[in-house]
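Input: a single structure, listed below in structure tokens.
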Amino acid sequence: AVVSTQSTGERLKAQIAVESSSSSSSSSSILTQKEKQSNAESEEQARLQVLVSSLGEEQLDRYEAFRRSKFPQSLVKKLVAGMTGVAPSANCTIALSGIAKVLVGQIVEESLDIQETQKESGPIHPKHIREAVRRMRNKGLLGLTKHRKCKLKRL
């Protein structure tokens with residue numbers, strides 16, 4: 001195993017720089033529409049690089065963990081197949097795992113806000129997560145309710 005002497009922030013900045021240089025050089029000789037898209041991507045990469053350079057070491061570690069995290073597609077596929085009875089396509093499982101990742105991120109952010117308002121520190125606890133889900137459910141952000149009325153009418 002190779003031991004890296006770079007900090008997390010340096011590795012992340014180098015990765016973003018490589019991504020931005022490869023995306024701008026590969027699409028420069030194609031159609032103008034693709035050039036516009038490439039320019040937009042390079043601008044986005046530049047903004048991301050500025051953002052990452054302003055993060056502290058702890059925030060960079062958290063961001064890197066977020067970038068590496070994912071839901072296993074095999075489990076998402078099993079879950080969807082179990083609920084619908086139909087095996088989902090690969091694109092569907094990718095999209096659903098991405099949506100799940102965003103949802104978990106929103107719940108964690110809300111949990112951290114709750115922890116901060118309660119003037120607590122350290123890792124978030126299940127009580128923070130439960131309260132975050134409750135608040136998001138009340139705001140209508142989750143789309144989940146405890147009691148669903150049956151929309152089908154009996155004859």
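The minimum heavy-atom distance linking Phe71 with Lys101 is given by the pair CE1-N, 3.5 Å. Considering every non-hydrogen atom in both Pro123 and Gln115, the closest pair reads O-NE2, 3.2 Å. Heavy atoms only, all atoms of each residue included: Pro88 and Thr93 are closest at CG-CG2, 3.6 Å.
From Ser111, atom OG reaches atom CD1 of Ile124 across 4.5 Å, with rounding to the nearest 0.5 Å. Of the inter-residue distances, the one linking Ser53 atom OG with Leu48 atom CG reads 9.5 Å to the nearest 0.5 angstrom. Distance check, rounded to the nearest 0.5 Å: CD1 of Ile94 to CD1 of Ile99 gives 12.0 Å. Note that CZ of Arg62 and CD of Glu57 are 12.0 Å apart. Values are rounded to the nearest 0.5 Å. In this structure, the separation between CD on Glu131 and CD1 on Ile129 is 12.0 Å, given to the nearest 0.5 Å.
None of Glu110, Gln106, Met136, Arg135 except one satisfies the side chain to side chain contact (heavy atoms under 4.5 Å, CB included) rule with Leu141; the exception is Met136. Only one option out of Leu75, Val86, Leu96 pairs with Val80 in a side chain to side chain contact (heavy atoms under 4.5 Å, CB included); it is Leu96.
No more than 12 heavy atoms of other residues, nucleotides or ligands sit less than 6.0 Å from atom NZ of Lys70.
Of the possible polar contacts, one joining the Gln59 side chain to the Gly56 backbone as a donor-acceptor pair under 3.5 Å is found. Remark: side-chain polar atoms of Lys77 are not paired, donor with acceptor, to backbone N or O of Ala87 under 3.5 angstrom.
Neither Val52 nor Phe66 shares a network with the other; the hydrophobic side chains, linked directly or stepwise wherever heavy atoms of I, L, V, M, F, W or Y lie under 4.5 Å apart, form separate groups for each.
Residues forming a side-chain contact (heavy atoms from CB on, under 4.5 Å) with Gln118 (at least two apart in sequence, or on another chain): Ile114, Glu120, Lys127, His128.
Side-chain contact check for Thr117 versus Asp113: every heavy-atom pair is 4.5 Å or farther apart.
For the pair Arg67 and Glu64, the salt-bridge criterion is not met [side-chain N within less than 4.0 Å of a carboxylate O].
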